Amino acid sequence: MSDIRSAFENKKAFIPFFTCGDPDLETTRRCVIAAAENGADLIELGIPFSDPTAEGPVIMEANERALRGGVTTDKIFDLVRTLRKTVTVPMVFMTYVNVVFSYGAERFLPTCKEIGIDGLILPDLPFEEKEEFEDICERFDVDLISMIAPTSHERISMIAKEAKGFLYIVSSLGVTGTRSEITTDLGSIIDVVRQNTDIPCAIGFGISTPEQAKRMAALSDGAIVGSAIVRIIGQYKTDAPEHVGAFVKSMKEAL
Amino acid sequence: MGSKGRFGIHGGQYIPETLMNAVIELEEAYEKYKIDPEFNRQLTELFNEYAGRPSRLYYAGKMTKDLGGAKIYLKREDLNHTGAHKINNVLGQALLAQKMGKTRLIAETGAGQHGVATATAAALLGMECVVFMGEEDTKRQALNVYRMELLGAKVIPVTTGTATLKDAVSEAMREWTRRIDDTHYCLGSVMGPHPFPTIVRDFQAVISREIKQQMMEKEGRLPSAVLACVGGGSNAIGSFYHFIEDKDVRLIGCEAAGRGVDTFETAATIATGRLGIFHGMKSYFCQDEFGQIAPVYSISAGLDYPGIGPEHAALHDSGRAEYVAVTDDEAVEAFEYLARTEGIIPAIESAHAVAYATKLAPQMKKDEIMVITISGRGDKDCAAIARYRGKDIYE
């Protein structure tokens with residue numbers, strides 16, 4: 001079992017996302033530390049992929065920048081090793097199936113355990129295909145995180161029953177990116193989740209303001225913020241850590 | 001509930017949860033309509049009356065004599081309405097989408113042939129149409145962009161990644177997650193998540209069904225070899241499908257080697273790729289050691305894709321089909337050769353199959369028969385090939 005549950009104990013979790021290596025790994029390291037120091041409860045680390053089909057333009061461009069800068073899976077493992085000297089909150093990887101498959105799950109997952117990664121989010125691995133990695137994830141105490149979408153309907157209970165770590169509730173149709181409005185009936189989705197599991201659930205996709213984060217966390221157990229943070233890093237580049245810290249603080253306070 | 005749509009170890013449904021119900025709904029609708037007599041009557045009528053099927057199986061006498069080996073037949077998919085095999089799949093999927101109550105078609109396109117076919121079907125069936133095309137390809141195939149717009153479609157140039165076919169597929173998938181209710185993603189090849197590889201294959205299988213029948217009428221026996229070009233692989237699987245059980249028929253897929261399989265400027269997936277999971281399927285992909293998808297290259301925008309359909313991957317694993325790589329130079333020579341020899345200008349994609357045929361036919365016996373699928377016509381390529389030969393022609 002991983003430490004993911006501790007992120008949700010007696011509090012609403014704030015979960016920031018970072019694209020590793022954008023603009024460089026040293027900035028990612030400082031941003032993650034700034035987020036942890038300012039109240040992040042769980043940290044999502046994105047391993048860039050050349051063709052991220054679930055991402056909107058902001059994270060897609062961050063992926064391209066990071067890859068152009070020469071970041072690789074091995075270098076990100078090293079980043080996590082360094083981060084684990086100071087960062088104690090749970091950390092999960094977010095990437096695409098081919099990154100894990102191509103590296104070899106039998107090499108990737110033991111390394112995750114060794115460096116202190118608690119979970120793995122693969123947006124292109126739906127329930128029907130999770131057997132690809134679920135045994136090996138379990139063997140190395142890495143929670144394979146499941147996602148639920150506004151279109152999941154009757155699939156929600158099936159997914160929730162087998163969920164590990166936390167459930168990632170996708171707030172809206174479409175790809176990642178900030179939205180002015182979230183109109184999905186998330187309350188009903190989370191009701192069905194609660195009837196089927198006691199695993200915590202966090203809402204992501206489209207959350208950029210403290211007000212939105214507060215509303216989403218009130219409905220669930222936490223809020224995940226990606227594009228809004230990646231945009232700050234895109235804007236301030238190597239000066240981003242202090243801005244990220246301030247943003248995380250404002251979001252965490254709103255929860 | 002386990003994984004669906006496997007061809008050996010390949011295939012599957014590696015897509016975001018947001019799309020799962022859409023592909024399940026599509027599979028259910030397809031299972032229902034594929035055995036529905038009215039659906040099949042309508043589709044056959046569209047094939048015959050609108051697309052001009054059956055396409056001819058033409059005896060290429062001059063080419064046969066010139067190469068001095070196997071007797072060569074050309075399966076003339078280039079004579080179909082819109083000028084390529086793509087219309088077979090599109091008419092099937094558009095009709096299916098209409099039965100499902102969808103009013104909008106989205107599609108990716110490389111060379112533009114699938115985009116033109118989708119725009120055509122949308123015009124015919126009164127549906128809205130949006131086509132995603134790599135910006136690089138909109139330049140290489142400017143005439144096809146105009147054709148799509150003329151047919152009432154909106155063409156969106158894709159600027160992400162390498163701005164070619166793979167990026168157009170990614171963008172169409174993203175668009176589908178944004179808008180599912182009224183929209184069907186009319187995927188153009190035997191790739192992507194289940195059920196697409198099966199649906200597209202079934203609609204393209206009309207090619208081998210006709211070849212077999214026409215061959216029996218003309219020669220009273222089966223061919224020794226069937227050749228087709230392979231990008232994602234839809235015209236190839238269509239040409240192979242009804243011969244898979246006929247073990248004496250060699251099935252040969254011709255991949256685009258670009259500037260050569262020993263260079264990075266290639267799109268030959270079987271020759272240079274390795275097992276991976278991308279665009280919804282497990283199959284072979286051109287990728288680096290960390291699984292980043294490679295920026296592939298071919299002179300042919302339609303074969304310029306870093307993967308191959310899962311059924312081809314399985315046919316390669318089992319050895320039932322052979323896959324060979326053909327360079328830009330060889331394809332351009334074959335493009336010119338077929339034009340001069342038979343008065344047929346093939347699509348540069350199809351010219352890859354013609355190129356390999358010119359090597360293979362002389363090694364075959366005179367009583368052996370070879371069928372080459374000419375998947376499309378080459379009008380769209382003339383300006384680009386002229387430029388390749390140093391003639392400054394613009395459309």
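This one's a predicted model, so the numbers in the text were calculated from it and none came from an experiment. Reminder, nothing fancy here: chain letters follow the sequence lines and each chain counts from 1.
- Considering only heavy-atom pairs separated by less than 4.5 Å from chain B, the leading option among A:H153, A:M60, A:E154, A:E64 is A:M60.
- Using cut-offs of 30° and 60° on the angle between ring planes, the pair B:H10 and B:Y284 is tilted.
- Contacts with chain B were tallied for A:L173, A:V175, A:T151, A:N98; A:N98 has the most, counting heavy-atom pairs under 4.5 Å.
- Using a 3.5 Å distance cut-off with no hydrogens or angles, the side chains of B:E17 and A:S152 do pair a donor with an acceptor.
- Looking at A:I47, neither its backbone nor its side chain comes within 4.5 Å of chain B, counting heavy atoms on both sides.
- Heavy-atom neighbours of A:E138 CD from other residues, nucleotides or ligands within 6.0 Å: at or below the threshold of 12.
- Residues B:T183 and B:R178 have side chains that never bring a donor and an acceptor to within less than 3.5 angstrom of each other.
- Contacts with chain B were tallied for A:P126, A:S172, A:P52; A:P126 has the most, counting heavy-atom pairs under 4.5 Å.
- Proximity to chain B is absent for every atom of A:P57, based on heavy atoms less than 4.5 angstrom apart.
- Heavy-atom pairs under 4.5 Å with chain B were tallied for A:K130, A:M147, A:E61; the largest tally goes to A:M147.
- No other option in A:V99, A:I148, A:T72 has as many heavy-atom pairs under 4.5 Å with chain B as A:T72.
- Ring geometry for B:Y323 versus B:H312: interplanar angle over 60°, hence perpendicular rather than tilted (30 to 60°).
- The part of B:F278 that comes within reach of chain A is its side chain, from C-beta onward, which places non-hydrogen atoms under 4.5 angstrom from that chain.
- Neither side chain, A:N63 nor A:E55, offers a donor N or O lying under 3.5 Å from an acceptor on the other.
- Listed options A:L122, A:V170, A:L125, A:D74 were ranked by heavy-atom pairs under 4.5 angstrom with chain B; first place goes to A:D74.
- The aromatic rings of A:F205 and A:Y168 lie perpendicular to each other, with more than 60° between the two planes, well past the 30° mark.
- Contact count versus chain A (heavy atoms, under 4.5 Å) is highest, among B:L19, B:T18, B:T177, for B:T177.
- For B:D167, the part lying under 4.5 angstrom from a heavy atom of chain A is the side chain only.
- Of the atoms belonging to A:F49, heavy atoms from both backbone and side chain fall under 4.5 Å from chain B.
- Of the listed residues (B:M173, B:H279, B:K166, B:R179), the one with the most heavy-atom contacts under 4.5 Å to chain A is B:K166.
- If you check the side chains of B:S300 and B:E349, you find a donor sitting under 3.5 Å from an acceptor.
- Using a 4.0 Å cut-off between charged nitrogen and carboxylate oxygen, B:R104 and B:D181 do not count as a salt-bridge pair.
- Of the atoms belonging to B:E175, not a single heavy atom falls under 4.5 Å from chain A.
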